Protein chains: 2
Amino acid sequence: MRGRLTQAGLRATRQRLVILESLLVLPGHPTAEQVHRRVAAQSPTISLGTVYKALDSFVAAGLTRRVASAEGSSRRYDADCSEHHHLFCTATQEIIDYCDPQLDQLIREFFAERGLQNFQPHSFSLHITGVKNQG
Amino acid sequence: MRGRLTQAGLRATRQRLVILESLLVLPGHPTAEQVHRRVAAQSPTISLGTVYKALDSFVAAGLTRRVASAEGSSRRYDADCSEHHHLFCTATQEIIDYCDPQLDQLIREFFAERGLQNFQPHSFSLHITGVKNQG
DNA sequence: GTCGCTGCAAAACATTTGCAAGAGG
DNA sequence: CCTCTTGCAAATGTTTTGCAGCGAC
């Protein structure tokens with residue numbers, strides 16, 4: 001935990017440790033507000049502004065990503081920076097990570113063969129919209 | 001133009017006609033603010049609030065979609081509601097439509113064969129991040 | 001010690017809402 | 001005409017900023 005921060009070149013402050021831990025634990029890719037709610041439960045003095053600044057610093061350091069989403073008015077964050085895809089549940093608004101090396105390869109092969117006119121692709125992320133079953 | 005609106009069950013007001021036309025013409029999937037700037041150039045009395053309401057009504061009527069994007073603080077809109085994919089240019093922040101029936105089929109086949117645990121997929125959209133070449 | 005980080009409060013944006021007046025069918 | 005839409009302005013929500021003081025290294 002502490003190591004993740006220092007390795008990324010960030011000071012391991014008490015606040016950042018709590019914020020990073022909350023981001024990792026919260027399901028569905030939370031907003032700054034949601035992270036703050038969980039953080040405030042154990043450390044009520046950590047301000048919302050600090051959560052915003054900490055999340056920004058995580059993104060700048062490559063520890064965290066911003067998640068693309070069409071609905072909702074707030075930005076959402078993803079602690080996982082490896083290449084992966086997302087399931088968007090239209091019922092719960094949850095965003096679920098989906099990892100699939102075979103799918104990655106399929107897409108990479110497709111574009112290696114076909115290419116894109118006037119565009120140099122760098123990374124691919126599939127957005128799958130639908131509804132979650134069960135719990 | 002007028003037909004698109006009435007067919008979608010919306011009143012074809014002067015404002016909506018101008019707003020829809022601007023949305024269709026503007027490149028890169030504009031924000032409400034960008035649509036308003038273009039609209040105001042020819043009809044300075046159309047307010048930003050009206051642009052927001054008109055865009056919302058287009059989305060509700062299925063004429064327009066909101067676009068998922070990770071960067072930027074404003075919502076962006078896409079006049080094209082058919083299934084398609086997006087190229088995200090990290091240099092210009094543009095979002096370019098990418099249509100490819102072969103890719104659609106590849107993805108659909110992949111998931112038909114493999115399936116997803118606890119998730120009922122409805123639609124797929126590939127986000128390709130990279131940089132645009134040339135103009 | 002130094003410099004980056006935090007907390008607070010204010011500012012800057014972005015979006016929504018309420019309502020009287022106007023326009024579409 | 002009746003109802004939906006507009007324009008305005010105010011309210012609400014989200015994110016950023018400035019800065020004095022604190023804390024990590």
Side-chain angles (χ1 to χ4, degrees), chain A residues 1-23 29-37 39-40 42-61 63-77 93, chain B residues 1-23 29-37 39-40 42-61 63-77 93:
Chain A
M1 197 87 260
R2 171 168 250 105
R4 283 218 210 190
L5 289 171
T6 54
Q7 239 161 38
L10 299 172
R11 284 198 183 170
T13 64
R14 186 180 58 82
Q15 290 86 340
R16 283 183 177 161
L17 287 167
V18 180
I19 291 167
L20 182 54
E21 201 254 339
S22 290
L23 184 58
H29 303 69
T31 63
E33 184 71 41
Q34 290 171 327
V35 172
H36 181 242
R37 262 202 292 282
V39 157
Q42 46 182 139
S43 307
T45 62
I46 298 181
S47 72
L48 179 58
T50 297
V51 172
Y52 272 105
K53 286 175 193 166
L55 291 173
D56 280 356
S57 72
F58 296 171
V59 171
L63 260 184
T64 298
R65 276 192 187 173
R66 284 205 240 267
V67 174
S69 67
E71 301 308 318
S73 36
S74 298
R75 273 190 196 146
R76 303 175 66 163
Y77 295 86
Q93 300 275 67
Chain B
M1 197 87 263
R2 171 168 250 105
R4 283 218 210 190
L5 289 171
T6 53
Q7 238 161 41
L10 297 172
R11 282 198 186 169
T13 64
R14 185 179 60 82
Q15 289 86 339
R16 283 183 177 159
L17 287 166
V18 179
I19 292 167
L20 182 55
E21 201 255 340
S22 289
L23 183 59
H29 302 67
T31 63
E33 185 71 42
Q34 290 171 326
V35 171
H36 182 242
R37 262 203 292 282
V39 157
Q42 45 181 142
S43 307
T45 62
I46 297 181
S47 71
L48 179 58
T50 296
V51 173
Y52 273 105
K53 286 175 192 166
L55 291 173
D56 281 354
S57 72
F58 296 171
V59 171
L63 258 184
T64 298
R65 277 192 187 174
R66 284 203 241 267
V67 174
S69 68
E71 301 307 318
S73 36
S74 297
R75 276 191 192 142
R76 302 176 65 163
Y77 294 86
Q93 299 275 69

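Heavy atoms only: backbone and side chains are in, while hydrogens, waters and symmetry mates are out. Quick caveat: nothing in here was measured; it's all calculated off a predicted structure. By convention in this document, chain letters (A, B, ...) are assigned in the order of the sequence lines, proteins followed by strands, and residues within each chain are numbered from 1.
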May I have the distance from [X] (atom [atom1]) to [N] (atom [atom2]), rounded to whole angstrom?
X: B/Ile19; N: D/dG7; atom1: CD1; atom2: C1'; result: 12 Å
X: A/Gln34; N: D/dG13; atom1: CD; atom2: C1'; result: 14 Å
X: B/Arg16; N: D/dT6; atom1: CZ; atom2: C1'; result: 10 Å
X: B/Leu5; N: D/dT6; atom1: CG; atom2: P; result: 10 Å
X: A/Glu33; N: D/dT15; atom1: CD; atom2: P; result: 9 Å
X: B/His36; N: D/dG7; atom1: NE2; atom2: C1'; result: 10 Å
X: B/Leu48; N: D/dA10; atom1: CG; atom2: P; result: 16 Å

Rounded at 0.5 Å granularity, tell me how far [atom1] in [X] sits from [atom2] in [Y].
X: B/His36; Y: B/Thr31; atom1: NE2; atom2: OG1; value: 11.5 Å
X: B/Thr64; Y: B/Arg66; atom1: OG1; atom2: CZ; value: 10.5 Å
X: B/Leu20; Y: B/Arg2; atom1: CG; atom2: CZ; value: 12.0 Å
X: A/Ile19; Y: A/Leu5; atom1: CD1; atom2: CG; value: 10.0 Å
X: B/His29; Y: B/Gln34; atom1: NE2; atom2: CD; value: 11.5 Å
X: B/Glu33; Y: B/Arg75; atom1: CD; atom2: CZ; value: 14.5 Å

End-to-end axis angle, where each axis spans five pairs of the helix from C/dG1-D/dC25 to C/dG25-D/dC1, to 10°: 50°
Positions of residues 63-77 of chain B (non-hydrogen atom under 4.0 Å from DNA chain D), listed by number: none
side-chain contact (heavy atoms from CB on, under 4.5 Å) between A/Arg37 and A/Ser22, worked out: CA-CA 10 Å; A/Arg37 262 202 292 282; A/Ser22 290; over 6 Å; no
Please check if the side chain of [X] supplies one atom and the backbone of [Y] the other of a donor-acceptor pair under 3.5 Å.
X: B/Gln7; Y: B/Arg4; answer: no
X: A/Arg76; Y: A/Val67; answer: no
X: A/Thr6; Y: A/Gly3; answer: yes
X: A/Arg16; Y: A/Arg11; answer: yes

Verdict with reasoning, B/Tyr77 to B/Val35, per side-chain contact (heavy atoms from CB on, under 4.5 Å): CA-CA 9 Å; B/Tyr77 294 86; B/Val35 171; 5.9 Å; no
Without placing hydrogens or testing angles, list every side-chain donor-acceptor pair under 3.5 Å for residues 44-58 of chain A, not counting sequence neighbours.
{"unit_1": "A/Ser47", "atom_1": "OG", "unit_2": "A/Thr50", "atom_2": "N", "d": "3.3"}
{"unit_1": "A/Ser47", "atom_1": "OG", "unit_2": "A/Thr50", "atom_2": "OG1", "d": "3.1"}
{"unit_1": "A/Ser57", "atom_1": "OG", "unit_2": "A/Ala54", "atom_2": "O", "d": "2.7"}

Close N/O contacts between protein and nucleotides 8-10 of chain C (under 3.5 Å):
none

Contact nearer the 5' end of DNA chain C, comparing B/Tyr52 with A/Ala54: A/Ala54
Salt bridge (charged side-chain N to carboxylate O under 4.0 Å, His left out) partners for A/Arg14, two or more places apart: none
Phosphate contact (C/dA23 OP1 or OP2) by B/Gln15 side-chain N/O below 4.0 Å: no
Contact state string [nucleotides 20-25 of chain D, B base, S sugar-phosphate only, - no protein heavy atom under 4.0 Å]: ---BBS
